[in-house]
Protein chains: 2
Amino acid sequence: MIQEKKAQPLLDYIRRFVTLTHEEETIVLSSVKYRKYLKGQYIVQQGDVCKYSSFILSGCTKTFYVDDKGQEHIIMFAIEDWWTSDIGSFITQTSADYNVQCLETTETIQFSYYAQEELLQKVPKLERLFRMMLERAFVASQKRIVRNFSLTAKEQYLHFKEQYPEIEQRIPQYMIASYLGITKEFLSKIKSQLASE
Amino acid sequence: MIQEKKAQPLLDYIRRFVTLTHEEETIVLSSVKYRKYLKGQYIVQQGDVCKYSSFILSGCTKTFYVDDKGQEHIIMFAIEDWWTSDIGSFITQTSADYNVQCLETTETIQFSYYAQEELLQKVPKLERLFRMMLERAFVASQKRIVRNFSLTAKEQYLHFKEQYPEIEQRIPQYMIASYLGITKEFLSKIKSQLASE
DNA sequence: AAATAATGTTAAACTAGATTAACTTTTATT
DNA sequence: AATAAAAGTTAATCTAGTTTAACATTATTT
């Protein structure tokens, strides 16, 4: 059982969506595990089954895909108060398409697939929490598709900077380029263009 | 109250995720409305609040976004047994970013925002249904982002044909080009290349 | 059957962004 | 402080996909 103090950010997060009794909160805390990763370690590896859905207490991760040509494509970043996993692998318990790697020392609270299923039986209110989280995630994902289609690389970069100023500070530029789907050289060009404007 | 016969595809769909009692099924049917749209009509219009989440009994829709330059970008198609709406607008009841237009005469079963909230109170099991639907939708959306980044236009077209052969038949090519994020001219070139291989 | 609108094709000129490669700056390690 | 490794820059060349524009084919309407 995780200490309530450590789990405070998770409880705060949950409260934004549903109201749990103290007893229900206790059940949640008894279903999860605390785990700390070092910089460079993998939470999920392409090919493995994704066993956990992880809530981030501190640190930063990137989720990426290595394609047939060996190219790395960053799908998302995650920082404090975000969730990360390979959901496709997690929900079907089949091998993961993506890697989740820590870019900093990262503290997490983890829900295992089976613990989560059991937890949802015991605290059905959490179905609502997950439903609402997924609604938001899906909407954000759709919006990203639209941006990909309708904005130039420069516009996408400006949008990223505006939407995630904290992430932009913490992460090397070449990873931001990968997230935007452009090369690091081209992002560099965009930045020098912006600087001279 | 919708006739049980008409709602059969919806009930079958729900049964793939959760098991409802007959009484619960009746509550579901009493919360929804049947509505038929003609070809060309809009289920949702950019700027309006999206009032309904629609399950498609027959027909076909496109969801698209018109950008600042007046360009239309198709985000998704939907056919029988799929759901369509502007989820972002639906869940927050704020104005929609997207249009949903019928490409054929389209019969739907619709959940209004308020009816759905009420329904979820009465039949909490449905939270699980929606959670699972959204998991799948989110995974599919993420995969599309990855394909956008890692496949050429030709590869994406082949993937589309393979994954949605029925849709490819029913829809004009220029809309498929829009869905893939390329021009109709370039799709035409790809097709002639493929034909001469 | 003719006319119109919608859809699809071809080809030339163009451009956003990729590739390659050499170089500079910053950060981490000894 | 010196060295190595990681991250970022610049510039020339290249290419996948766009734009423009004219034309061809297929549906739809009268």
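Numbers restart at 1 for each chain; the letters A, B, ... are given by sequence-line order, proteins then strands.
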Asker: Just checking, is any N or O donor in the side chain of A:Glu107 or A:Tyr34 under 3.5 Å from an acceptor N or O on the other one?
Answerer: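 Result is yes, a qualifying pair exists.
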Asker: Mind listing the N/O atom pairs, protein and nucleotides 24-30 of chain D, below 3.5 Å?
Answerer:
none

Asker: Give me the residues of residues 159-178 of chain B where at least one heavy atom lies under 4.0 Å from an atom of DNA chain C, by number, or none.
Answerer: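 Of all residues in residues 159-178 of chain B, the ones placing a heavy atom under 4.0 Å from DNA chain C are B:Pro172, B:Gln173, B:Tyr174.
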Asker: Would one find more than 12 heavy atoms of other residues, nucleotides or ligands at under 6.0 Å from atom CD of A:Glu117?
Answerer: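 Yes - once you tally the heavy atoms of other residues, nucleotides and ligands closer than 6.0 Å, there are more than 12.
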Asker: So, B:Thr61 side chain and B:Val100 main chain: donor-acceptor pair closer than 3.5 Å or not?
Answerer: no
Asker: Indicate yes or no for a side-chain donor-acceptor contact from B:Ser141 to the backbone of A:Phe138 under 3.5 Å, with no hydrogens or angles considered.
Answerer: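 No; judged by distance alone, with no hydrogens or angles, the pair does not exist.
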Asker: Closer than 3.5 angstrom, by distance alone: can the side chain of A:Arg136 be matched with the main-chain N or O of A:Met132 as a donor-acceptor pair?
Answerer: yes
Asker: Among A:Ser54, A:Ser31, A:Ser85, find the one that has a side chain to side chain donor-acceptor pair (under 3.5 Å) with A:Gln110.
Answerer: A:Ser54
Asker: So if I define the base as every atom that isn't primed, P, OP1 or OP2, how would nucleotides 14-21 of chain C read as a B/S/- string at a heavy-atom cutoff under 4.0 Å?
Answerer: ---BSBBB
Asker: Going by the angle between their ring planes, with limits at 30° and 60°, are A:Tyr42 and A:Phe64 parallel, tilted or perpendicular?
Answerer: tilted
Asker: Please verify the inter-ring angle class for B:Trp83 with B:Phe130; under 30° counts as parallel, over 60° as perpendicular, anything in between as tilted.
Answerer: perpendicular
Asker: Using 4.0 Å as the upper bound for N to carboxylate O, is an ion pair formed by A:Arg131 and A:Glu135?
Answerer: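 Salt bridge flag = yes for A:Arg131 with A:Glu135.
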Asker: So, are B:Arg147 and B:Glu162 salt-bridged, with charged N and O less than 4.0 Å apart?
Answerer: no
